[in-house]
Colleague: 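My questions will all concern the structure given below.
If you're wondering where the values come from, they're calculated on a predicted model, not measured in any experiment. Throughout, a chain's letter reflects where its sequence line sits, starting with A, and its residues are numbered from 1.
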Protein chains: 2
Amino acid sequence: MFNVLLAHIQEKVTLSVGDVDLLKSFFIPKKLRKRQYILQEGDVCKYLMFVEKGLLRMYHVDDKGAEHMIQFAWEGWWMADTYSFLSGDISQYNIDAIEDAELLMITLPNFEAMLLQLPVMERYFRILFQNNIISKERRLINTISYSAEERYKRLVAAHPEMIQRIPQNLIASYLGLTPETLSRIRKKLIQS
Amino acid sequence: MFNVLLAHIQEKVTLSVGDVDLLKSFFIPKKLRKRQYILQEGDVCKYLMFVEKGLLRMYHVDDKGAEHMIQFAWEGWWMADTYSFLSGDISQYNIDAIEDAELLMITLPNFEAMLLQLPVMERYFRILFQNNIISKERRLINTISYSAEERYKRLVAAHPEMIQRIPQNLIASYLGLTPETLSRIRKKLIQS
DNA sequence: AAATTCAATTGATTTACATCAACCCGTTAA
DNA sequence: TTAACGGGTTGATGTAAATCAATTGAATTT
């Protein structure tokens, strides 16, 4: 159950055997069926979630009812509305499962306790957040600087796994496009 | 010289008098004139920079020579190409001064030494990076989900200081717009 | 104070992408 | 076995924002 999480942490920092047991005690395991919500707009995001298995998406629904994909997370990724989780304010976002999933979840009180009792986890999360900033920045540059076609090509180059695993209409939304536009772009790229 | 930085850190964590002296020793002060580069595309970002005074911008230049503003930083903000700084790879970005500036800079070796010698700074940077993720996520949602006019209105509401202090053509670029489009949006909003 | 550069505005035109609508295919389900 | 649904494609049309171009005004430099 904790295999993926422990591997992920031990890539970045060192844990003793005692640390591992203590660490595990802060988490709650949870299984999700495909299409099942774990966070809905208007609720507070009570957990930081690590994906042991499966695939999640976080998305925002705008005034016109259109969905905008913020993030995907599969094995080895964390997922949460960071702002809602840390502040306790209600979330603007939804999180649900694209594929059946197994999660390890931690509450804010447990997260804070964990950081105090296992100071090495401050380092783990600092590094994790660092990397997160880098990838968010990249994505932002891409959306601001490039055309739809270039954005898609860059995504294929940078994250081919995403293209394979995630339905095309969700990829379109992630790129800030309609499904029709992405379909036409792909057609054009295949032909040339 | 260290007033703004120390206040910023002590908002988030507690430093002893000894800590403060040690902390200061890791930083290099630097003054920048308006228009002066501190990072150019193709160079490695050697420093994490804290702005004590003045105003900086980080931007990306695309294939067609167009500039895209990634971030602004004034008193109390950190600035760097995080990826280049941490990885040592060359940067795709430029950083220069919009107004004369005074910086406190730290190298990667000193950054790492600081985190080891002052573990409380792990916490400070974890919190800093957390907040950074939240604001990057917000900006991304805005660019993906809203029209040009709505994006501008949301920026005015969220960061009125930015509108006052930063030239309009740079704001346009930050929003992913041409200066002409932003000018027309403003005209329309003033009239109504 | 003249000259040069930089920033903002306005108008005319173009274009990338969205929207609307119909249709197809494969899966799930009644 | 026939609906019903989700996901993808294709075509016709609309529109928000980009591009191109000219003008004015501010700010720097000489």
Side-chain angles (χ1 to χ4, degrees), chain A residues 33-37 55 57 59 61-69 72 94 96-100 142-156 162-192, chain B residues 33-37 55 57 59 61-69 72 94 96-100 142-156 162-192:
Chain A
R33 309 268 290 280
K34 188 174 171 174
R35 310 202 126 252
Q36 188 179 344
Y37 284 108
L55 176 58
R57 64 172 180 158
Y59 60 100
V61 181
D62 70 22
D63 324 332
K64 290 166 193 155
E67 292 181 355
H68 302 275
M69 296 308 124
F72 302 108
N94 302 278
D96 66 14
I98 299 177
E99 301 171 5
D100 291 357
N142 283 340
T143 45
I144 287 187
S145 307
Y146 297 99
S147 71
E149 182 177 329
E150 279 163 356
R151 256 155 36 225
Y152 178 69
K153 287 199 283 194
R154 292 169 74 91
L155 183 65
V156 172
M162 262 184 68
I163 309 291
Q164 287 166 358
R165 191 158 176 185
I166 294 170
Q168 199 172 304
N169 60 334
L170 302 186
I171 297 279
S173 165
Y174 183 82
L175 290 170
L177 300 175
T178 59
E180 294 96 324
T181 298
L182 182 55
S183 174
R184 282 185 254 262
I185 286 169
R186 286 178 39 105
K187 189 184 177 189
K188 195 188 150 199
L189 290 178
I190 290 163
Q191 284 169 352
S192 56
Chain B
R33 309 268 290 281
K34 188 174 171 173
R35 312 201 124 254
Q36 188 179 343
Y37 283 109
L55 176 58
R57 63 172 180 158
Y59 61 100
V61 181
D62 70 21
D63 324 331
K64 290 167 194 156
E67 292 180 357
H68 302 275
M69 296 307 126
F72 301 108
N94 302 277
D96 66 13
I98 299 177
E99 301 171 5
D100 290 357
N142 283 339
T143 44
I144 287 186
S145 307
Y146 297 99
S147 70
E149 183 178 330
E150 279 163 357
R151 261 162 24 230
Y152 178 69
K153 287 198 283 194
R154 292 169 74 91
L155 183 65
V156 172
M162 261 184 69
I163 309 290
Q164 289 167 356
R165 191 158 177 185
I166 293 169
Q168 199 172 306
N169 60 335
L170 302 186
I171 297 280
S173 165
Y174 183 82
L175 289 170
L177 300 175
T178 58
E180 293 95 325
T181 298
L182 182 56
S183 174
R184 282 184 254 264
I185 286 170
R186 287 177 42 112
K187 189 184 178 189
K188 194 190 149 197
L189 290 177
I190 290 163
Q191 284 169 352
S192 56

Colleague: Could you walk me through whether A/R184 and A/E149 pass the salt bridge (Lys or Arg N to Asp or Glu O under 4.0 Å) test, one step at a time?
Modeller: CA-CA 10 Å; A/R184 282 185 254 262; A/E149 182 177 329; over 6 Å; no

Colleague: Calculate the interatomic distance between A/L182 atom CG and D/dT9 atom P; express it in whole Å.
Modeller: 8 Å

Colleague: Between A/A148 and B/L170, name the one whose nearest nucleotide on DNA chain C is closer to the 5' end.
Modeller: B/L170

Colleague: Classify the nucleic acid contact of B/L177 as base, sugar-phosphate or nothing, counting any heavy atom under 4.0 Å across all strands shown.
Modeller: sugar-phosphate

Colleague: Would you indicate whether B/R165, at its atom CZ, is surrounded by more than 12 heavy atoms from other residues, nucleotides or ligands within a distance under 6.0 Å?
Modeller: yes

Colleague: In whole Å, what is the span from the CD1 atom of B/I163 to the P atom of C/dA8?
Modeller: 12 Å

Colleague: Would you kindly compare A/G176 and B/P167 by the position of their nearest DNA chain C nucleotide and give the one closer to the 5′ end?
Modeller: B/P167

Colleague: What I want to check is whether an N or O donor and acceptor connect the side chain of B/R35 with the base of C/dT5 at under 3.5 Å.
Modeller: no

Colleague: From OH of A/Y152 over to C1' of C/dA16, roughly how many Å is that when rounded to an integer?
Modeller: 19 Å

Colleague: Measure NZ/A/K188 against C1'/C/dT15 and give the value in whole Å, please.
Modeller: 13 Å

Colleague: Has the side chain of B/R184 got a donor or acceptor that lies under 3.5 Å from a partner of the other kind on the base of C/dG11?
Modeller: yes

Colleague: One pair to check against side-chain hydrogen bond (donor to acceptor under 3.5 Å, both in side chains): A/N142 and A/R154. What are the steps and the verdict?
Modeller: CA-CA 8 Å; A/N142 283 340; A/R154 292 169 74 91; 2.8 Å; yes

Colleague: Using the side-chain heavy atoms of B/T178, tell me which of these nucleotides is nearest: D/dA18, D/dG8, C/dA18.
Modeller: D/dA18

Colleague: State whether A/R35 and A/D96 are salt-bridged, where the test is any N-O pair (Lys NZ or Arg NE/NH1/NH2 against Asp/Glu carboxylate O) under 4.0 Å.
Modeller: no

Colleague: Under 3.5 Å, is there any donor-acceptor pair linking the side chain of A/E180 to the base of C/dC20?
Modeller: yes

Colleague: What nucleic acid atoms does B/K34 come within less than 4.0 Å of, heavy atoms only: base, sugar-phosphate, or nothing?
Modeller: sugar-phosphate

